[in-house]
Amino acid sequence: MTQPTQDTALFIHSTGMGPFMWKRLMGTVPEGMRSLAVVNRGYAPDDLMPAGTPFTMDMDLAHIRKQIPSDTSGLHLVAHSYGGLLALLLTLERDLPVKSLWLYEPVMFGSLRQVQDELDGELGVEMRTMYGPGSVFTKAEQGGSDEWLEAFINYWNGPGAWSFMPDKVKAPMRAFGWKMSQEVNLIGSLPRRFEDFRVEQPLTLVHGEHTRLPAREMTRRLARVNDQALVETMPGLGHMSVVTDAERVVPSLQAHWQRIMQPAAQTAMARQA
């Protein structure tokens, strides 16, 4: 007997986060669609990566694949930051039944670095500083240290963000800090052009109004090579708003579900007629 199949909304977390970050947004998934938040390598208590552990992005992609239910007939990828890059790479492998993507600020620093000579003004300065010889992000031996974590957290959340974090929040980050640093290193060195990230599926790209300049530029350039992409700017929000302001992000994801479900509903009505 043929096993029943089901579409799955697959939520992929970002650097330093975990499946918990999607708790509020998972409730937006349409009736009849399964909602599943996966965990990346190095974040589960039994899968921590001590400093010096080798890591490649393919390890995360394979790990996510293992968590996809075998009866999945279609995948709808919802992802943030590094998770957004993983979602794009999974889609480009073309052997998974990806039906749509909703991505909040997918980070593609490697692609942006390839066009760094085109970047001027504040954006150009920020990129050159981030990957310059004095940057902690270029010092592999400091990956996962408090100095590295402070630089990373402050970059995305503002000056002083790390110092204001309570110890109970810092503790788990110190536990998987090495994995975080490896993700950031690979993101910045991935030798792919923006043109390599052309997908066929419906694509919603979201960024915060007050996010970092590179995040806005990466979203803009990704949309440029995907004519079907719908780009949304979240007024007053930043990079981590899927966690800090989830209620304000919910309408964007709800609208995404409505857009992608409409063609299916129209097809069903046509069959009934």
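The residues of the chain are indexed from 1 along the displayed sequence. Note: hydrogens, waters and symmetry copies are ignored here, and every other heavy atom, side chains too, is used.
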Could you tell me which non-hydrogen atom of [X] sits nearest to which non-hydrogen atom of [Y], and how far apart they are?
X	Y	answer
Met26	Ser35	CE-OG, 3.2 Å
Ala37	Pro19	CB-CB, 3.8 Å
Gly83	Ile12	CA-CG2, 3.7 Å
Phe109	Met130	CE2-SD, 3.7 Å
Met261	Met33	SD-CE, 4.1 Å
Ala87	Leu77	O-CD1, 3.5 Å

Has the side chain of [X] got a donor or acceptor atom that lies under 3.5 Å from a matching backbone atom of [Y]?
X	Y	result
Asn226	Leu222	yes
Asp196	Arg193	yes
Thr219	Ala215	yes
Asn157	Ile153	yes
Arg41	Met57	no
Thr72	Ile68	no
Ser100	His76	no
Asn154	Trp162	yes

Pair His80-Phe11, ring-ring contact (aromatic ring centres under 6.0 Å, His included): steps then yes or no: CA-CA 9 Å; His80 172 252; Phe11 292 75; over 10 Å; no
Over-ring placement of Arg113 relative to Tyr131, 6.0 Å and 45° cut-offs: yes
Lys/Arg cation over aromatic Phe55: Lys179, 6.0 Å, 45° cone: yes
Stepwise side chain to side chain donor-acceptor pair (under 3.5 Å) test for Glu232 and Ser252: CA-CA 8 Å; Glu232 294 186 50; Ser252 171; 3.2 Å; yes
Out of curiosity, [X] [atom1] to [Y] [atom2], how far, rounded to the nearest 0.5 Å?
X	Y	atom1	atom2	answer
Leu112	Leu190	CG	CG	13.0 Å
Leu96	Ile64	CG	CD1	10.0 Å
Met173	Glu150	CE	CD	13.0 Å
Tyr43	Met180	OH	CE	5.5 Å
Asp117	Met127	CG	CE	11.0 Å
Leu253	Gln258	CG	CD	12.0 Å

Contact check, side chains of [X] and [Y], non-hydrogen atoms, under 4.5 Å:
X	Y	answer
Leu149	Arg174	yes
Phe194	Met218	yes
Leu10	Val38	yes
Pro214	Glu217	no
Leu230	Trp102	no
Gln182	Met49	no
Thr138	Pro133	no
Trp22	Met17	no

Side-chain donor-acceptor pair present, Ser81, His239, cut-off under 3.5 Å: yes
Polar contact flag, side-chain donor to acceptor under 3.5 angstrom, Tyr82-Asn40: no
Check against side chain to side chain contact (heavy atoms under 4.5 Å, CB included), Thr15 and Trp156: CA-CA 11 Å; Thr15 297; Trp156 288 113; over 6 Å; no
Worked verdict on Leu61 versus Leu90 for side chain to side chain contact (heavy atoms under 4.5 Å, CB included): CA-CA 7 Å; Leu61 296 174; Leu90 286 169; 3.7 Å; yes
Mutual orientation of the aromatic rings belonging to Phe152 and Trp148 [parallel < 30°, tilted 30-60°, perpendicular > 60°]: parallel
Side chain to side chain donor-acceptor pair (under 3.5 Å) assessment of Thr53 paired with Trp178: CA-CA 8 Å; Thr53 303; Trp178 171 258; 4.7 Å; no
Contacts under 3.5 angstrom, residues 199-212 side chains, donor-acceptor by atom type, not counting sequence neighbours:
residue: Gln201; atom: NE2; partner: Val98; partner atom: O; Å: 3.2
residue: Thr204; atom: OG1; partner: His256; partner atom: ND1; Å: 2.8
residue: Thr204; atom: OG1; partner: Arg259; partner atom: NH2; Å: 2.9
residue: His207; atom: NE2; partner: Thr233; partner atom: OG1; Å: 3.0
residue: Glu209; atom: OE1; partner: Gly236; partner atom: N; Å: 2.5
residue: Thr211; atom: OG1; partner: Glu105; partner atom: OE1; Å: 2.7
residue: Thr211; atom: OG1; partner: Glu105; partner atom: OE2; Å: 3.2
residue: Arg212; atom: NE; partner: Glu126; partner atom: OE2; Å: 3.1
residue: Arg212; atom: NH1; partner: Tyr155; partner atom: O; Å: 2.8
residue: Arg212; atom: NH2; partner: Glu126; partner atom: OE1; Å: 3.4
residue: Arg212; atom: NH2; partner: Glu126; partner atom: OE2; Å: 3.2

CD (Glu93) with more than 12 external heavy atoms under 6.0 Å: yes
Neighbour count above 12 (heavy atom, 6.0 Å) for Phe20 CZ: yes
Under 4.0 Å between a side-chain nitrogen and a carboxylate oxygen: does that hold for [X] and [Y]?
X	Y	result
Arg34	Asp7	no
Arg65	Asp95	yes
Arg221	Glu118	yes

Side chain to side chain contact (heavy atoms under 4.5 Å, CB included) between Gln67 and Val39, worked out: CA-CA 8 Å; Gln67 298 172 73; Val39 60; 3.6 Å; yes
Within one Ile-Leu-Val-Met-Phe-Trp-Tyr cluster: Leu213 and Val125, side-chain cutoff 4.5 Å: no
Steps toward side chain to side chain contact (heavy atoms under 4.5 Å, CB included) verdict (Leu25, Val250): CA-CA 6 Å; Leu25 295 178; Val250 162; 3.6 Å; yes
